[in-house]
Amino acid sequence: MQKDIIVQHRDCMPEYGMNFVADVPTVFHCHHFNLFWDQTIDDALGAELGTVIRTNASREAFYDLLKNLCERVGATSPADRIELASTVFSAMGQGHLTLDLNAQGGRAAADYLHYGHSWKEKYGGQVRRKDPADAVAAGFTAAACELAFSLQRESVRTREVECTAKRDRHCSFTSEVLEPSPLAGPMLRDQVQAACRAPIRGLMEDRIQPIVDGLREFTAGVLGDERGLIQAFGLFVSQHPSTYYNRSGYDAYRHVMRTAPQSAPVMRQLLREAGHVCAFNTFGGIMLSPEWEGLVGTPSGDPDETLVACLAIARALGFGHWAATEFEPGRRLVLQTPASYESAYYVNREGRSANAMCFFLQGVVLATMQLTDRVPWAERPQLTPQFYAQLFKHGLPWQAEETHCLSRGDSHCEVVVTRREVQP
Amino acid sequence: MKDDFGRMALGAPALQSIILVTLPDCLLLKQWSRDDDADGDSAAAHVGGAFRSAQDALRAVSSSKSTGSVTIETDEALVVISPLASDAASGFVFDRSAPLGLVRVQVAQLTEHLKGLLQSIRGSRDLSADLSSPSPSPSAPANPTVVMASPRGPELPQPSPLSVAPIPPPASTPPTATPAPAYAPPAPAAPPAQTAAQRFQASPQPPHASSPSLSAVDTKARPRSVRLLEFFRRYAPDPHASMLRLSLRTGISLDQLERPEALDEAQVEVLAGSVRDILGQDNVGV
C-alpha cells in the first residue's frame, strides 16, 4: 500500500482554516511543540497518569481516522486494516510501526517514532529519560487493534515497554484487551463545522490568501519518508488529529483543577508556552526554508510581511482562520478567528466555560508579535535554543489576553496583545 | 588571581584557559582564559558535569573507586579535568598542538599548586568567617568546604613556590617583598598590591541571575534548597520554562521558589525529587 493513499483523503474548510483527514480534524505540528505539550501533561499529572491520558486521547482520535479510512478504501479484513494503519501512520509523519496484532492484543515495534526519535535528538544528550515517550504510537496501536479485529472501542490497552528515548535499541509495545472505558461523543467534521461561526476577514487578506493556497498545496502532498518521519524546515513535523491535543490537554487540566487548583495558572502558562514554542520553531522554520523562499521570497523583516506569513502558515496548518483586525507593530495586535481547533473541541466536549480556554492560541499570538518585532529576519537567524533563550532572557515586553472565546459563549475567539505597562 | 593565572600561562603557552569548579554543584570558582569573552558559568557547568559523568562511568565499568583525571581530545583542543579535592576540580584547556606528554606534566604541576592554594584557603578560619558575611554567621560551619575570598579578605598563608617550569613575572609588576602566590616563582615576581585572597577572588564577573556571587560560594553552608535550585537552573532543559515546570510538578508556587531558603523540609524533599525527575538523574548529589 502506498503512503499517498492519505493524500486524497486530506481536505480542509478554507473559510475556517480547519484541516481534515477522512473527516477527522487534523493539524500539523512540529516536534518542539509536541514534546513540550506532552511534557506539560506529564509535569502536571506525573509520567504514569500522563501517559495513560495521552495514550487514551491518541486511541480515540486515531480510531475515528482509521475507521473512516477503512470504510472509504474498502479495507475489511484484519490484514488489510493493519496494513492500512501502518501506512497511514508513516504517511502522517508519526514513524514506522510494525504491527503484529491479534484479537487478544499483540505487539508492535518501531525503530523510528516521531516522539521518541525527536526527543532523543533534542534532549537525549542532556537528560536521561526514564519513561517512554510514544503515547501517540501506543494509542494508535490500540486503535488499530480494536478496528482490525472488530473489538469494542476503548477496550485495548497498549503500553510502550521499550523506547529509544530511554536509550533502548528500539521501541516496542504490548497490547491487551480489557474492559472498555467510556467514550465521549464524536469529534468529527460535522462537530467542527457546527462550532464555527461567521467567517472573519482581517487586514491584508489579499496578501495572505495566495500564500495559504500555496502552503496548502504543499502540505497536501507531504508524506513521511522511509522512516515514517517528515523532516522539513529544520523540524520533525507530524500530522495529528487535533483531538489528541485537545483531549489530553483538557483532561489533564481538569484533573489539575480538581486535585491541585493552585497549580492551574502555572499549567495554563506552560500550555501557552507550548504555543510560543510552536510559533517560534514552526513559523520561523518555515519562513527560513527554501520552500518559503520559492513560494513567497526571502523574509525582509517588515512587520506586516511577517504578520502575513504567520497568519498564512497558521491557516494552512489547520490552526484556524486567523485574521488580524488591528496591528500596530511592536505595540498592539488583535487577532480574531471564527474558531480555533481548541475552542471547536471545547464547545463540543466540555460545554461552556467561565474563562477563555484557547491556551495554545494565546501563546501563538503572543509569539507572533514577538516574531514581527524581535527577530531580525533579514539576517536569516539560526532558530536555536540559545536564540530562543536569549529572547526570553529579560522576559517579554508584551502580554496576551484572550478577550473573546467560543468556549464561554462568544461569537468568535479573539486574542489581544499589548505592551506591558512595566517593562520586565 | 586572573593576573596570576595569566602569568602561569606564560610558562604554558598552549594553555588556553583554566576553570575551577565546585563539586558536585559545578559552580564557577574561578576562571582564567585567553579569550575574555569566555562564558565562565557555562564552562564550569560543563566541566563539572563532564567530571561527574566520568566518575559515574568509571563506577559503572570498574570496581576502582579512585578518581583520576579526565582527558578529552578534540581536533582543536585538549581538555584535562583534574580533581583538586572531593569538592573541587579544575579544567585545563590546551591548544591541540601541545604534546600530550607536556600537557600532562604541566597539568600535574598546576594541579598541585591549585590544591595548595585551596588548602590554604580552607585552613583560614578567619577568612571563611569574613567571606560569609561581615560578621560570622552562627549557623555557618567553622571550616567551610570551599570558600571564595572577598576583596577585603585577610592575607592567606603562603603556599610553597613553584618548583618547575619557571614563569617570568609580568613586565609591569613592580618588585615587592610580599611573598608570592602558590604557583608563582619566588619573591621578585610577586605582585605586591593584592593579598592572595584578593587574587583568588579574581576578575570581575558580569552579574548572572542564575549563579551566586562568587564571594558567596560555600557549598555546604547554604541551604540545600538554594543549592538544588542553582543546580537545577544550570542543567534543566528549556531554561525559560524550567521554573514553571518545577512549580507544576511540585505544587510549590513560583513565589515560593523565588525564596527557596524559606521552604520547609518536606518541600525540599519534593523539590529534590522533581529536580531528579526533570533532569533524569537518580541522584543529583546536592
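Because the structure is a prediction, the values reported are computed rather than measured. Below, chain A is the first sequence line, B the second, and so on; all start at residue 1.
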Check: residues 130-137 of chain A side-chain donor-acceptor pairs under 3.5 Å, at least two apart:
unit_1, atom_1, unit_2, atom_2, d
A/K130, NZ, B/Q281, O, 3.3
A/K130, NZ, B/D282, OD1, 3.0
A/D134, OD1, A/G116, N, 2.8

Side chain proximity check, B/H240 to A/L396, heavy atoms < 4.5 angstrom = no
Max heavy-atom pairs within cutoff under 4.5 Å with chain B, candidates A/V127, A/V266, A/D43, A/T40, goes to A/D43
Is it true that the side chains of B/S82 and B/S90 contain a donor and an acceptor less than 3.5 Å apart?
-> no
Enumerate by number any residue of residues 161-169 of chain A whose heavy atoms lie under 4.5 Å from heavy atoms of chain B; in the absence of such residues, state 'none'.
-> none
Would you mind checking if B/R224 and B/E269 are paired as a salt bridge, meaning a charged N to carboxylate O distance below 4.0 Å?
-> yes
Cut-off 4.5 Å, heavy atoms of chain A, and the answer for B/L279 is backbone
State yes or no: are the ring centers of A/H29 and A/Y244 separated by less than 6.0 Å?
-> no
Are A/H32 and A/F280 close enough that their ring centres sit under 6.0 Å apart?
-> no
Geometric class of the A/Y115/A/H240 ring pair [parallel <30°, tilted 30-60°, perpendicular >60°] = perpendicular
By a 4.5 Å heavy-atom criterion (distance strictly below it), what part of A/A44 contacts chain B: side chain, backbone, both, or neither?
-> both
